[in-house]
Structures are given as C-alpha cells and as structure tokens.
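Read the numbers this way: they start at 1 and go in the same order the structure lists the ligands and their atoms.
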Amino acid sequence: MQILDGKALSQKIEGKVKQGVAVLKEETSRTPGLAVILVGQDPASSAYVNMKKKACDRVGFYSVSHEMPEDISQDAIENTISMMNKNPNIDGILVQLPLPPQIDTTKILELVDPAKDVDGFHPFNVGRLVTNLDGFVPCTPLGVMELLAEYDINVKGKNCVIVGASNIVGKPMAALLLNAEATVEVCHIHTDDLKKHTLNADMIFVGVGVINLITEDMVKDDVVIVDIGVSRTPEGKLVGDVDFENVSKKSSYITPSPGGVGPMTIAMLLSNTLKAAQLNTMDKN
Ligand code: GUN
C-alpha cells in the first residue's frame with residue numbers, strides 16, 4: 001500500500017506557481033490577483049477561505065476577500081461580481097459555496113467572467129471540460145488528476161467508480177476521467193446497492209461527507225482509493241469517507257483525509273489563478 005501524499009505534491013506545485021508569479025512580475029510588472037466572495041459565517045467555509053488567502057500570500061498573489069452577511073441580497077453580490085469582472089487587477093473570482101437559500105446560485109455563477117472563473121463553475125467552462133477543450137477545471141477533481149499523474153497511475157480502461165454527483169466534485173471528476181479514457185460509473189444518494197458497484201471498481205473516488213461509508217468488504221484487492229470527503233467526528237477529529245485503517249490494507253494506493261486531496265484543491269486554485277493571469281496578460285499584449 002502506498003499513500004498518495006497530496007500535501008507533499010501541493011507544496012511542489014506551490015513552488016512552481018511562485019516561480020511563475022516571479023516570471024510574470026519580471027516580464028510584465030503584473031501581480032496575479034484573486035477575489036474571494038464569502039457569504040455568512042459557516043465555520044467550514046470561513047476556514048477554507050482563510051486557507052486560500054494564506055496560500056495566495058505564500059505565492060505572492062494580490063488577494064481581496066469580500067465578506068458579506070448571511071442576509072445579503074442577490075443584487076449586492078451581483079454588483080460585487082460585476083465590479084470584480086471589470087477590475088483589471090483581478091484575474092480570478094471565487095464565490096465560496098454554498099450560498100444562502102435566498103440567493104440564486106446559478107445566476108451568480110453565470111455572472112462571473114468565464115476568463116476569471118478559476119473555480120471552473122461557469123457553464124461555459126463546464127461545457128469546455130465536457131467536450132475536452134482547454135478551460136478552467138474545478139480545483140478538487142483537477143487536483144485528483146494531478147495526484148494520480150504524480151504517482152504514474154494510469155486510468156485508461158480502468159473501472160472508475162465515483163461516489164457523489166455534485167457539480168463541484170463528482171460530475172467534473174467523471175468528465176476528467178472520461179477524457180482520460182477511463183470507464184466511469186457515478187453513484188449517488190439514490191444508488192441501489194452501492195457495494196455492488198464499488199466491488200467492481202479498480203479505482204474509487206468518494207466525496208460525500210459520510211464517515212466510514214467505504215468499508216473493507218466493499219472493495220476488491222489492490223483498489224486505488226481517492227477520499228475526497230471531510231467530516232468532523234463528535235470528538236472534533238477531521239476524517240474522510242473511507243475506513244482508512246481497514247481499507248488501506250487492501251489498497252494499492254490510498255489518499256489520507258485530511259492531507260490527501262484537500263491541499264491539492266488549494267494548489268489547483270493557485271495554479272488556475274496564475275493561468276488566468278498569464279492568459280489575461282497575453283490578451284493585452
Ligand atoms: N465549496 C466547497 N468546495 C468548494 C470549492 O472548491 N470552491 C468553492 N468556491 N466553494 C466550495
């Protein structure tokens with residue numbers, strides 16, 4: 001069993017982004033800029049936004065965060081996004097999800113300039129991903145693909161089972177794996193007999209936030225496990241969706257959670273923002 005060490009790889013990628021920032025500054029006097037919009041006080045969202053801000057500082061990005069109250073209006077968020085779309089110092093715009101129920105999330109995501117959509121949530125970029133064209137790809141599944149590539153794990157022809165069908169993780173994960181010529185199954189909350197599917201999997205990608213959802217009896221020998229879930233136990237410990245202790249014994253490769261996919265998400269946000277800044281600078285030259 002080998003651990004897929006997302007923490008180590010994310011540090012390597014950060015180093016590369018930092019170099020890219022230095023080159024961009026040297027050649028164009030421009031600093032990549034990221035704007036983050038955070039609505040409400042959800043502790044998990046606040047913690048993620050904080051980690052994203054610190055990572056921006058480490059690589060030398062300019063970053064601003066717009067923190068808004070839970071009862072904010074649709075118009076106020078839309079005005080902020082329109083301002084960021086026009087601001088030449090901002091290359092990337094990230095709206096931390098979920099948004100409160102009074103907000104039309106689709107309308108918000110559709111307002112972000114696709115050229116600044118570093119989360120890859122705009123339907124323009126979703127369409128480009130599904131058709132295997134270059135664009136911005138959501139950070140978590142992109143980070144998973146980078147992690148597999150780092151360990152030379154080839155998905156071509158493999159039975160890949162994704163558990164969770166969200167727009168943020170499961171669906172873009174399916175598109176990336178399909179583009180890489182894997183055979184892909186997407187399971188979700190309404191799937192009958194999850195075990196029937198996972199037992200057939202060469203690789204399992206799970207991110208639903210259910211502690212111990214994947215147990216050793218549900219996987220075959222030498223499976224590759226990518227655990228995208230993060231939950232807090234009643235004792236306050238962060239854990240993934242996989243019974244790591246027992247499933248790891250049957251796995252060829254496995255990510256820990258935390259310390260696997262999480263750090264890769266942030267590394268990919270940095271990498272996407274640098275890419276946006278580079279494209280944005282090219283457009284102007
Ligand atoms: N909420 C949960 N994951 C994410 C993410 O990757 N990006 C944003 N913007 N919000 C999230």
J.: F121 near ligand 1, heavy-atom distance under 4.0 Å?
T.: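 True for this residue.
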
J.: Under 3.5 Å, is there a donor-acceptor pair between the side chain of N125 and the main chain of F136?
T.: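 Yes, because the side chain of N125 sits within donor-acceptor range (under 3.5 Å) of the backbone of F136.
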
J.: Can we say E216 and K249 salt-bridge, meaning some charged N sits less than 4.0 Å from an Asp/Glu carboxylate O?
T.: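 Answer for the salt bridge query: no.
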
J.: Nearest heavy-atom pair of I90 and Y62: which atoms, and what distance?
T.: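 Scanning both residues, the minimum pair turns out to be CD1-CE2, 3.8 Å.
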
J.: Specify the protein heavy atom at minimum distance from atom 7 (N) of ligand 1: its residue, its atom name, and the distance to 0.1 Å.
T.: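 Closest protein heavy atom to atom 7 (N) of ligand 1: D119 OD2, 3.2 Å.
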
J.: What atoms in ligand 1 come closer than 4.0 Å to a heavy atom of L94?
T.: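 Numbered from 1, ligand 1 contributes 9 (N).
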
J.: Around atom 3 (N) of ligand 1, find the nearest protein heavy atom and jot down its residue, atom name and distance.
T.: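 It is I168 CG2, 4.0 Å.
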
J.: Given 3.5 Å as the limit, does a donor-acceptor pair link the side chain of N280 with the main chain of D91, or not?
T.: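 Checked: no pair found.
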
J.: Of the listed options (V36, L97, L38), which comes nearest to atom 2 (C) of ligand 1 when hydrogens are ignored and any heavy atom counts?
T.: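 The residue whose heavy atom sits nearest atom 2 (C) of ligand 1 is L97.
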
J.: Hey, is CG on L133 packed in by over 12 heavy atoms from elsewhere, all under 6.0 Å?
T.: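 Enclosed: over 12 neighbouring heavy atoms sit under 6.0 Å from CG of L133.
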
J.: Just need the protein heavy atom nearest to atom 11 (C) of ligand 1, so name the residue and atom and give the distance.
T.: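 It is Q96 NE2, 3.4 Å.
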
J.: N/O of V95 under 3.5 Å from N/O of ligand 1, yes or no?
T.: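 Such a contact does occur with ligand 1.
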
J.: Could you tell me whether a side-chain N or O of T255 sits under 3.5 Å from a main-chain N or O of D227, the two making a donor and an acceptor?
T.: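 At least one qualifying donor-acceptor pair exists.
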
